Amino acid sequence: MSDPHWFDVAAEAGAALAARRPVVALESTLIAHGLPWPVNRQTAVAAEQAVRDAGAVPATIAVWKGRPTIGLDVGQIDELAQMPGVLKASRRDLAEAIVKQSTAATTVSATMFLAHTAGIGVFATGGIGGAHRDAVQPFDISADLTELARTPVLVVCAGAKSILDLPRTLEILETLGVPVVGFGTNTLPAFYVRESGLALPARVDSAREAAAWFAAHRRLGGAGMVLAQPVAEEAALSPAEFETALWRAEALAVAASICGPALTPFLLARLAEITEGRSLRANQALIVANARLAAEVAVELSRVGK
Ligand code: PSU
Ligand code: MN
């Protein structure tokens, strides 16, 4: 894991890490599989800009022709955003991408692992994976949850994707010892929807408090932590609109026998059609807002010398 020859770190991110300046990891599955062209490219570029505006260096992570890469350049982001048939790599698929010299987009689990390997402690995404609903895929539980249990990275997100079984997802995270902390909220945000109604045990109201929380969790030997920020009110879907749209998207997934890694991208794409793009606008807004918050927390962490 400490062999530096099996992955590449972009010059800017590498220099920042060496100088202990704040760096924020960003994932690439949302570029290749979560959002359609050209919203995917615009969102990835806007997320990087939000990190910079808040005083940190962004590092978008993917496997590029078999090389795990910490910090894609804008040309690579552009290519990835338009590439057909990109592998969706969770933690278990990284070896395959390396051996086959493939280009792969990394999910939350794979991105967390690569970020940590490169020395990055803060990561922003849209929504983490979790336990899918019984009616759709009873045994499909995202590798994101187990990665959070073992890899010490703070994941800033808009909660877990509202296409999931959220009560079950929260229970699993508790079992795994992963704190889920609300940012300015007492309940779990649900991705496109601001509130799931599920109570969270912990809340912070500033980036500084979030940094202190994560530092304390790390001192106690904890690994990953979730910082969950609700999507902005003006971009959010109402719970009613979302429920109806999800019901239809799930029925389409069952009818088409979609399962495995294809399930989440399928549901997100159908929701975008059914909501006539409103879910896309929500997704874009929440990714950029999470990137900004992650950078603010990374700045605080670098101040306290973590
Ligand atoms: N957030 C988004 N869009 C996405 C994802 C997150 O706004 O597409 C991706 C993440 O990479 C996450 C993955 O790890 O969806 C979860 O997929 P699965 O349910 O197959 O584990
Ligand atoms: Mn899955």
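Read the numbers this way: they start at 1 and go in the same order the structure lists the ligands and their atoms. The structure displayed is predicted, hence computed values, not measured ones.
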Trace of the side-chain contact (heavy atoms from CB on, under 4.5 Å) decision for Leu170 with Leu200: CA-CA 9 Å; Leu170 268 188; Leu200 287 180; 4.1 Å; yes
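Close N/O approach between Thr264 and ligand 1 is found [any backbone or side-chain N/O within under 3.5 Å]. At least one N or O atom of Val108 sits closer than 3.5 Å to an N or O atom of ligand 1.
By heavy-atom distance, the residue among Ser142, Cys259, Gly34 lying nearest atom 8 (O) of ligand 1 is Gly34.
Asn40 places a side-chain N or O within 3.5 Å of a backbone atom of Ala81 that can act as its donor or acceptor partner. With hydrogens and angles ignored, the 3.5 Å screen pairs a side-chain donor or acceptor of Asn290 with a backbone N or O of Leu286. The closest donor-acceptor contact from the side chain of Arg278 to the backbone of Leu271 lies at 3.5 Å or more, if one exists at all. Panel note: side chain Asp93, backbone Ser90; a donor-acceptor pair is recorded below 3.5 Å.
The part of Lys161 lying near ligand 1 is the side chain, judged by heavy-atom distances below 4.0 Å. Contact annotation: for Thr111 versus ligand 1, there are no heavy atoms closer than 4.0 Å. Residue-level proximity to ligand 1 for Ile128 is absent, since no heavy atom of it falls below 4.0 angstrom. Contacts between Thr107 and ligand 1 below 4.0 angstrom, taking non-hydrogen atoms only, involve backbone and side chain alike. At a heavy-atom distance under 4.0 Å, only side-chain atoms of Leu268, from C-beta outward, approach ligand 1.
Of the protein's non-hydrogen atoms, Asp144 OD2, 3.4 Å is the one closest to atom 12 (C) of ligand 1. When only non-hydrogen protein atoms are considered, atom 3 (N) of ligand 1 lies nearest to Leu30 CB, 3.6 Å. The protein heavy atom nearest to atom 7 (O) of ligand 1 is Asn283 OD1, 2.9 Å. Of the protein's heavy atoms, Lys88 NZ, 3.2 Å lies nearest to atom 17 (O) of ligand 1.
Atoms of ligand 1 lying under 4.0 Å from at least one heavy atom of Ile287, given by number and element, are 7 (O). The atoms of ligand 1 that sit less than 4.0 Å from any heavy atom of His132 are 19 (O).
A distance of 4.5 Å separates CD of Glu147 from CZ of Arg91, quoted to the nearest 0.5 Å. Distance check: Arg292 CZ to Gln229 CD gives 8.5 Å after rounding to the nearest 0.5 Å.
Side-chain contact between Val226 and Val178 is present, with heavy atoms from C-beta onward closer than 4.5 Å. Counting only heavy atoms from C-beta outward, the side chains of Arg41 and Val74 approach each other to under 4.5 Å. Residues Phe183 and Val204 are in side-chain contact: their nearest non-hydrogen atoms beyond the backbone lie under 4.5 Å apart.
For the ligand labelled ligand 1, residue Gly127 lies inside the 4.0 Å heavy-atom shell. By the 4.0 Å heavy-atom criterion, Glu27 is counted among the residues contacting ligand 1.
The Mn ion (ligand 2) sits nearest to atom OD1 when only the N, O or S atoms of Asp140 are considered.
Residues Thr60 and Glu48 bring a donor and an acceptor atom of their side chains to less than 3.5 Å of each other.
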